[in-house]
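Structure, as structure tokens:
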Amino acid sequence: MPRLSPAGELDAVALETALLEAWKSEDAFRTSIQRREHGAPFIFLEGPPTANGKPGIHHVVARTYKDLVCRWKTMEGFKVERKGGWDTHGLPVEIEVQKRLDLLSNESIEEFGMDKFNQACRESVWTYEAAWREMTERMAYWVDLDNPYVTLHNDYIESSWWALKQMFDKGLLYRGHKVLPYCPQTGTSYSSHEVALGYKEVKEPSVYVKFKLVGDSASILAWTTTPWTLPGNVGLAVGPEVTYVRCKVREAAGENWQGAGGADVGEELILAKDLMKDVLRHHVDIMEEFPGSSLVGKGYEPLFPEAIDAGDSDSAWTVLEADWVTTTDGTGVVHTAVMYGEDDYNLGMAAGLPAQHTVNMEGEFVAGTHPELDGRYVKSCDETIIALLSSSKGTNGTGPESGLLYREKDYLHDYPHCWRTDHPLLYYAMDSWFVRMTAVKEKLLEFNDNVEWAPDWVGEGRFGEWLRNVKDWAISRERYWGTPLPVWRSATGEMKCVGSIQELQNEVAKAVAAGIENPDCPDDVDLHRPVVDGFTLISDTGEIMHREPFVMDCWFDSGCAPFAQWHHPFDGGERFNASFPVDYICEGVDQTRGWFYTLLAVSATVFDSMAYKRCLSLGLILDAEGKKMSKSRGNIVDPWDHFNREGADATRWYMVTAGAPWNPLKFDSNGVRETYAKMFLTFWNVYKFHVDYAALDGFDPEETDSPIEHRPALDRWILSKLHTVAQDYHQEFVNWNYHKACRDLEEFVVNDVSNWYVRRSRRRLWDEADSDDKLACQHTLHEVLTLVCRLVAPIAPFMVDTVHRALTGESVHNADWPVGTPGSLEGATADAWDEAAAAATATLPPQDVHLEGVMTLVRELAEAGRRVRVDAGRRQRLPCAQGWLVAGPDLTPYHDLLCEELNVEAIRIEDDLDRFQRIELAPNFRALAPKARAEVNNVAKAIRESEHPNALLKDIEDGGAEVLGVLVERSDVDVKRVEREGFAAQTVEVELDGETVHVTLVLDMNDSPELQSKGMARDITRRIQAKRKDLNLEMEATVSLKIWLKEAPEIGEADRTWIAHETRATAIEFHVDSDGPEHAERFEVDGARVAFTVE
RNA sequence: GCGCGGGUGGCUUAGUCGGUUAGAGCACCCGGCUGAUAACCGGGAGGUCGCAGGUUCAAGUCCUGCCUCGCGCACCA
């Protein structure tokens, strides 16, 4: 190991960048894994980011949590491989490219050329790869970016195809006709998780429409918020159990009627009874009440007779029953347009309604709907439709005089919009491919139950809820850039799903043999459009088959990651079999319906298995104001701002300590700075203190020895405390409470190590002569620092590596976890933490709980001393002749320490407790309340305010005291000893060996010339030391001093010598009763005037 | 609308089984200490624990309702 050398000043950024170089040249990441070659595997799976967006601070958060768990597990002896990944397909890529190339529609893409377009997508995907790589490296996220999985690679796609074929063969992949949210602008339908991205609140006209019954004078009222669906109306749905009324308009509506529509006096309307008040704006007479079932089967006149051809349907334009009809809003009658609503479609299919489109794929009314509507974008037709309906006798000239519109009303609701283009989506019946998730719902729930979620409520609540409402997964997209759906289909519906390149080649060969012309299909055929579209296959019955012209939902790609990253099963399957299901994944909570779901969906359908055993779901990252970070708000924090200022260590440590991982993180730049100043600067200075002296003394931790049991209590204390802290730290890691772990460790470093251990040990190292004590201190510091480095390493990997290397000659990232390395043991698994194995491999110093308690008491007393002095107005440097300790354990080993801290000449133990202490009695409510019941407060008051607490306590101890009729026993009261008034004293309370002890510190306020002399000497010394520091003198440099005193206490010979020694003065002159020369430094203390010069 | 998670001094947060004086850090003020670091120590100011009810001898903590922020679901006709 290298000789310890001085640390120098801290430059965190320089330190980190230097380490990055070292890691690179040592191949440190790979080495750290190779060292665990024989460890039990801990399988991590990277959720692939897309590299066509710039990485932001929220990516740093996610990557920190991924990294820290992997580093931690590695230190525990597990073998943790970390393959990178890139998500490279999908709509975001296409939209980006469309914008850049000004291709606004699918037609323009096809005109431009699908091959050229996809080539542009393929390149666009890597736009920010370099930025991602730089960020990833700079923050020290150790992941293999040299061999990542990439969803656009043939190997990856081939595995995805294989998975689809598994689904196809199991009958889980099917072609359907379903109503889906559809965006005419992008020409594609969306799955539910994409739809969820785009809800927006909008105000739209909703209309109440009269449907005139055939052979009846009445009209049925129905309501819709989408007037554009009215031309497609072919049915009305009523609830069979719902009560409806037929009512007659009694008088004309009032003046305050708003908007179009109306009804004539005497007109008859039918609607749900419960909704009359909400809907009707006329006074009416109820003529009849009846259940919905009696309306079923009645025919009515179409609103737009030209729009739909009923064909051979005899249910078109009749009243149907549906049990899902409610009376929460509308009229209790649901307008049904088969092609534009999910319920509508299902009802229409069941009832045999004609399934015809009135709207085309561009979102325009088809020719023949109505002369005023044909060819127009449906969302801009609301006004026209309202006008048509409200004209006299309505659109068909046979309606009521008042028109077909009863009312219009603005309706405020959230409506799904395209998450890329912001246009409203249309629910639209279309051809699509689905994965039958509903068939595996029970499995999904069962697998999910076995996942360890952090926090647990995401799994049970949010994700569980999603699974309980699972719908079939619409996985096809009418797009260009993505994994092509590998299904070929003939005109008669014969289908073939291709599961590999080899299979494709065979099928192509078969087709060619049958005389169908085909392009070449080499081994490296590009598995993208338009190449795969070019292949024409032949069915088993000899029919021509074309590929279904869809690509896959890109979420399907990432859901295949567990096996597609290894090109399973084409690679032989070993890697996959050894690494599935994975042990750990971690992403933002927004992935609940995204990656968390698709991983499970794919593994459940393909492998009948869970996909991951543990999932850490991270909270969103917000700005310092609590607003979501977004490009449009311009409140995105650039990670480099902090990487280049406080460094990645401080940034990572801050993010982890700022709150629980799953809580939203308010990212505050000041917090990073604070973390740097507190944690890292302090740690560095402790390290510097150690190595600077170690270098001076030529300390060698391996050549020397200092048995812990022979070291002073202070050393044994900090080591014991470290043991306790390390175990708690580990336990919090296990519980996913990294924030608590790190807050406690930071507290330990700053408070226990720096502010107490190092401060108390400073003088021990100043001593130039070798001594057991100095050696003990050096070993202790060495051990504490080394161990803290290892605990910090997973979270903030830089500074501690520098320190660890300097102290031990080895990288901390090759070091073992101090709490144990059970992963390195034969037969270990990542699922169970082997307590015995951990204990056997732990490298913690001995623990002494009693000692920890005693030291807490000592520190409390030292602090109490300062309080006493402040209260008594006695300055800190003026010694007291003596201090008394009243009660508590024997602190004799700490008397020297306490004398220094308290600045007293001697510590005495006072045996007569009553001399300085009195008793206070406090009620113990938990015990007293059940007895005293309602009187408890009065009893408590009486106990607290007792005139003679000593006597009362004696009675209580002698068998109980009667207080306000309640027998108070010993367990009903807490006894507290506090200092008596009139003394310069403070009482501290400390838990020691399971009991509460009260110790009083009393300081002697009497003065003497000797004390005054000593106090003066200390004040002078402190000023000279400050001056030495001002002058930037070397620690060893000697000086000569001149001191002038006026109206000051006389300084004794011993104290004069002491000043000289402390300040390394080789010559010292004292002049009494003089103000000294002009140029001298001067100060005043308690009325004494002092001047001095330092040369 | 339904579900989940929050709301504690100016800011960030802790708060166990309900136990009577709500604890810390940052910032602020006063004092002290320092060959100790952007440090440290003592003291101070600053809190209707989101609001309103309720249960209880006792509520930041449990219950109900409401307000508010975030997230998710569904927005249906």
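The partner of B:rG35, taking Watson-Crick or G-U wobble pairs whose two distances both stay under 3.5 Å, does not exist in any strand shown. Nucleotide B:rU13 is matched to B:rG23 when pairs are restricted to Watson-Crick or G-U wobble geometry with both distances under 3.5 angstrom. When both pairing distances are held under 3.5 Å, B:rG18 makes no Watson-Crick or G-U pair with any nucleotide shown. Nucleotide B:rC71: paired with B:rG3 (Watson-Crick or G-U wobble, both distances less than 3.5 Å). Pairing of B:rG46, defined by two Watson-Crick or G-U wobble distances under 3.5 Å, is not identified with any nucleotide.
Checking B:rA77, B:rU37, B:rG25 against the side-chain heavy atoms of A:T224 singles out B:rA77 as nearest. Listed candidates were B:rU12, B:rU37, B:rG35. Nearest to the side chain of A:T682 is B:rU37. Considering only the side chain of A:N755, B:rC40 comes nearest among B:rU12, B:rA77, B:rC40. When the nucleotides B:rG72, B:rG25, B:rG42 are ranked by their closest atom to the side chain of A:E465, B:rG72 comes out on top. Of all nucleotides listed (B:rG42, B:rC73, B:rU34), B:rU34 comes nearest to the side chain of A:R1018. Listed candidates were B:rC41, B:rG3, B:rA38. Nearest to the side chain of A:Y676 is B:rA38. Checked against B:rU34, B:rC73, B:rA77, the side chain of A:W223 finds its nearest nucleotide in B:rA77. Closest to the A:S754 side chain, of the nucleotides B:rG3, B:rC71, B:rU37, is B:rU37. The A:R743 side chain lies nearest to B:rU13 when the options are B:rC40, B:rU13, B:rC4.
Within 4.0 Å (heavy atoms only), A:T225 reaches sugar-phosphate atoms of the nucleic acid but no base atom. A:A222 comes within 4.0 angstrom of nothing in the nucleic acid, heavy atoms only. At the heavy-atom level, A:R468 lies nowhere under 4.0 Å from the strands shown. Base contact: A:R1022 has a heavy atom under 4.0 Å from a base atom. Note on A:W684: nothing from the nucleic acid sits closer than 4.0 angstrom, heavy atoms only. Across all strands, A:R926 comes closer than 4.0 Å to base atoms (heavy-atom distances). Heavy atoms of A:A677 sit under 4.0 angstrom from primed sugar atoms or phosphate atoms, though from no base atom.
One P atom belongs to B:rU61, the other to B:rG50, and the distance between them is 8 Å to the nearest Å. Only the C1' atoms considered, B:rA77 is 29 Å distant from B:rC4, to the nearest whole Å. Look at the P atom in both B:rG25 and B:rG72: the space between them is 36 Å, to the nearest Å. A gap of 23 Å separates the P atoms of B:rC76 and B:rU68, to the nearest Å. For the P atom pair drawn from B:rU16 and B:rC62, the interatomic distance equals 9 Å after rounding to whole Å. Comparing the same atom, P, in B:rG70 and in B:rU8 gives a spacing of 15 Å after rounding to whole Å. Taking atom C1' on both nucleotides, B:rC33 is separated from B:rC40 by 8 Å, rounded to a whole Å. Taking atom C1' in both B:rG47 and B:rA14, one finds a spacing of 15 Å when rounded to whole Å.
Counting to the nearest Å, the C1' atom of B:rC71 and the CH2 atom of A:W662 are 16 Å from each other. The nearest whole Å value for the distance from the CD atom in A:Q986 to the C1' atom in B:rG42 is 10 Å. The interatomic distance linking A:E935 (CD) with B:rU56 (C1') rounds to 16 Å, in whole Å. What separates CD of A:E732 from C1' of B:rA14 is a distance of 13 Å, to the nearest Å. Remark: P of B:rG18 and CG of A:N924 are 15 Å apart, rounded to the nearest angstrom. Counting to the nearest Å, the C1' atom of B:rU37 and the CG atom of A:L681 are 6 Å from each other. In this structure, A:R762 places its CZ atom 13 Å from C1' of B:rC33, rounding to the nearest Å. What separates CG of A:L765 from P of B:rG35 is a distance of 16 Å, to the nearest Å.
The base of B:rC71 sits within donor-acceptor range of the side chain of A:R462, with an N or O pair under 3.5 Å. With hydrogens and angles ignored, a donor-acceptor pair under 3.5 angstrom links the side chain of A:R673 to the base of B:rA38.
With the nearest nucleotide of RNA chain B identified for both A:V936 and A:N685, A:N685 has the one nearer the 5' end. Residue order along RNA chain B, read from the 5' end via each residue's closest nucleotide, puts A:K976 first among A:K976 and A:E674.
In summary, the side chains of A:Y597 and A:N448 do not present any donor paired with an acceptor at a separation below 3.5 Å, with no hydrogens or angles considered.
The aromatic rings of A:H335 and A:F211 sit parallel, their planes meeting at an angle under 30°, below the 60° perpendicular limit.
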Let's go through A:L921 and A:D974 carefully: what are the C-alpha distance in whole Å and the side-chain angles of both, what is the deciding distance for side-chain contact (heavy atoms from CB on, under 4.5 Å) to 0.1 Å, and is it a yes or a no?
CA-CA 6 Å; A:L921 293 181; A:D974 292 327; over 6 Å; no

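A salt bridge links A:R859 with A:D752: the closest approach of a Lys/Arg side-chain nitrogen to an acidic carboxylate oxygen falls below 4.0 angstrom.
Under the side chain to side chain donor-acceptor pair (under 3.5 Å) test applied with A:Q986, the options A:E863, A:R867, A:R866 reduce to a single match, A:R867.
The two atoms that bring A:V939 and A:L964 nearest to each other are N-CD1, 3.8 Å, heavy atoms only.
Heavy-atom neighbours of A:E860 CD from other residues, nucleotides or ligands within 6.0 Å: above the threshold of 12. The number of heavy atoms from other shown groups lying within 6.0 Å of NZ (A:K931) is above 12.
Seen from the ring of A:F1092, A:R1023 does not count as a face-on cation partner, given the 6.0 Å and 45° thresholds.
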